[in-house]
Amino acid sequence: MAVPIQGNTQAKIRCANHSSNSSEQNCNNLTETPMIPEQPAPPATHISVFICLGFLGAAIVLANAVVLYLYKRKTFLKTKTNLCLVCLAISDFLAGLIAVPMVIVCSTLDADAVTSGIICTVMDLSSRFISISTVLHLLLVTMERYFKIIHALNYPLIVTKFRLITLLILVWCVSLGTSLIQLTWIPFGGPSTDAEISAKDTIYNLSVFFAIVIPSLLMMFVALSCIFRVLRSQLRSMKENGYKTRAYRNKSTRLEAKAVTVFGSMIVTFIACWFSYYIDGLLIDLKLPSLHLPEWARTVLVFLRFGSSVLNPLLYTFFKEDFRRALLSSITGSSYRHSIGMTTMNCSTL
């Protein structure tokens with residue numbers, strides 16, 4: 001049993017269309033999905049992989065559920081930045097609730113070609129949605145921080161709650177629409193040819209990668225570079241003008257720098273976890289030679305792909321000051337909440 005590393009969604013559907021005239025072996029030849037090469041392996045190996053995937057899915061759901069719980073219970077967490085992070089947490093929550101189980105079902109289900117094709121299509125559409133949603137939410141968070149730090153005076157006028165909610169709705173619509181648009185050419189028993197579907201797949205994957213992913217990452221890189229340059233300049237200026245007289249502002253700037261570092265780490269995590277997914281798909285679509293990785297390496301890439309959905313909430317829960325304090329106050333009770341006093345109020349703006 002192979003674990004799918006890249007979901008060229010139409011492969012098994014195409015296989016279903018040919019199933020009446022082809023043997024199972026010929027059907028497998030039609031499948032262009034880059035699955036892990038079939039190699040003899042003990043059944044226990046596959047079972048352990050799927051058990052680990054199940055634990056990963058449960059960890060994703062639990063970690064992001066904690067974020068959603070904290071945001072609902074703690075009033076000081078209801079900031080514009082955290083609103084973006086909570087929407088990202090919902091997206092990651094769906095990864096553990098839907099995408100990971102679909103990977104397991106797609107890899108283990110022994111059903112007819114049409115049923116398998118539909119399930120594996122759902123798997124790939126959900127994975128595509130998670131990847132697009134993640135990068136767009138990260139872009140929105142980064143730009144919100146950019147305007148707050150670079151254009152601090154005009155920030156309340158530029159970044160209003162109404163505009164932010166509108167952009168978040170747009171992010172969800174774009175992510176969902178970009179993923180589901182593939183259904184318009186998946187031939188569920190239709191007359192489309194393999195060449196026609198393959199051409200549409202190639203155009204689609206190139207468009208997503210070069211029109212959404214790459215521009216978003218470049219914009220985040222430029223914005224973060226400007227932010228770090230300004231924060232470094234502010235810290236240097238405060239050191240030169242005297243630490244004691246500007247202690248409050250110094251602490252605020254350092255907390256801001258720490259929060260931005262967390263967001264930068266989330267962007268790096270996205271690149272590390274998802275780039276293999278896009279690159280592998282592009283190599284197949286463009287019929288370029290791809291790396292012939294062993295089964296264990298491709299399995300690791302599957303885990304890595306969904307790793308960002310559990311790393312994101314861990315990053316801003318344990319390293320972003322306001323979420324960390326909210327978590328600690330929930331664990332230790334009201335006495336801790338009173339002890340943090342004004343410090344918590346200061347951190348709530350980050």
Side-chain angles (χ1 to χ4, degrees), residues 1-13 33 35 46 49-69 71 84-111 114-138 168-169 171-184 186 188 204-205 208 212-213 266 269-270 273-274 276-278 280-281 298-299 301-314:
M1 185 66 63
V3 179
I5 180 65
Q6 163 68 27
N8 201 342
T9 59
Q10 293 71 23
K12 288 197 172 184
I13 297 296
T33 306
M35 309 288 283
H46 300 303
V49 168
F50 298 131
I51 290 175
C52 290
L53 272 175
F55 278 117
L56 176 62
I60 292 172
V61 170
L62 178 61
N64 288 284
V66 169
V67 172
L68 298 177
Y69 171 80
Y71 182 81
C84 300
L85 292 178
V86 164
C87 287
L88 175 58
I90 295 174
S91 176
D92 288 334
F93 182 88
L94 294 176
L97 192 66
I98 298 175
V100 173
M102 284 295 100
V103 170
I104 298 174
V105 174
C106 175
S107 303
T108 58
L109 184 66
D110 186 13
V114 174
T115 302
S116 294
I118 292 174
I119 291 175
C120 291
T121 297
V122 173
M123 176 208 72
D124 189 67
L125 293 180
S126 60
S127 295
R128 181 76 67 177
F129 167 80
I130 297 302
S131 67
I132 297 173
S133 172
T134 300
V135 73
L136 291 180
H137 276 103
L138 290 176
L168 285 169
I169 294 173
V171 164
W172 280 88
C173 290
V174 169
S175 302
L176 193 60
T178 304
S179 303
L180 295 182
I181 196 173
Q182 298 172 93
L183 294 175
T184 60
I186 295 179
F188 293 95
Y204 171 80
N205 288 325
V208 169
I212 297 179
V213 177
M266 292 168 64
T269 299
F270 173 85
C273 293
W274 282 100
S276 62
Y277 173 79
Y278 283 104
D280 200 44
R298 288 192 171 273
T299 302
L301 289 178
V302 174
F303 280 89
L304 188 62
R305 189 168 84 203
F306 294 108
S308 65
S309 294
V310 73
L311 288 176
N312 285 337
L314 293 179

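Contacts of A63 classified as side-chain contact (heavy atoms from CB on, under 4.5 Å), with partners at least two apart in sequence or in another chain: V310, P313. T134 is linked by a side-chain hydrogen bond (donor to acceptor under 3.5 Å, both in side chains) to nothing, counting only residues two or more places apart in sequence or in another chain. Residues satisfying the side-chain hydrogen bond (donor to acceptor under 3.5 Å, both in side chains) test with Y204, not counting sequence neighbours, are Q182. Residues that satisfy the side-chain hydrogen bond (donor to acceptor under 3.5 Å, both in side chains) test with D92, not counting sequence neighbours, are S309, N312.
Across all non-hydrogen atoms, the minimal contact from L56 to F306 is CD2-CB, 4.0 Å. Nearest approach of A89 to V67, heavy atoms of both residues: CB-CG1, 3.9 Å. The nearest pair of heavy atoms linking I104 to G54 is CD1-N, 3.8 Å.
Here the CD1-CG distance, from I181 to L183, works out to 10.0 Å after rounding to the nearest 0.5 Å. The distance from atom CD1 of I130 to atom SG of C273, rounded to the nearest 0.5 Å, is 13.0 Å. Atom OG1 in T299 sits 12.5 Å away from atom CG in L304 (nearest 0.5 Å). To the nearest 0.5 angstrom, L180 atom CG is 12.0 Å from R128 atom CZ. Distance CG/L68 to CG/L85: 11.0 Å, rounded to 0.5 Å. One finds the OG1 atom of T178 at 11.5 Å from the CG atom of L125 (value rounded to the nearest 0.5 Å).
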Item to complete: Let me see the working for F93 and V61 under side chain to side chain contact (heavy atoms under 4.5 Å, CB included), right down to the final yes or no.
Response: CA-CA 5 Å; F93 182 88; V61 170; 3.3 Å; yes
Item to complete: Using the side chain to side chain contact (heavy atoms under 4.5 Å, CB included) rule, take V49 and F303 through it: C-alpha gap first, then chi angles, then the decisive distance, then the call.
Response: CA-CA 10 Å; V49 168; F303 280 89; 4.1 Å; yes
Worksheet item: Does the pair L136 and S175 meet the rule for a side chain to side chain contact (heavy atoms under 4.5 Å, CB included), with working shown?
Response: CA-CA 8 Å; L136 291 180; S175 302; 3.8 Å; yes
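Ring geometry for W274 against Y277 counts as perpendicular: the plane angle is over 60°, on a 0 to 90° scale with 30° as the lower cut. Using a 30° and 60° split on the angle between ring planes, W172 and H137 fall in the perpendicular class, above 60°.
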Only distances under 3.5 Å count here; give the side-chain donor-acceptor pairs of residues 94-102 to other protein atoms, sequence neighbours excluded, each with its distance to 0.1 Å.
none

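Within the structure, no pair that satisfies the side chain to side chain donor-acceptor pair (under 3.5 Å) test touches residues 97-106, not counting sequence neighbours.
Side-chain contact between V208 and Y278 is present, with heavy atoms from C-beta onward closer than 4.5 Å.
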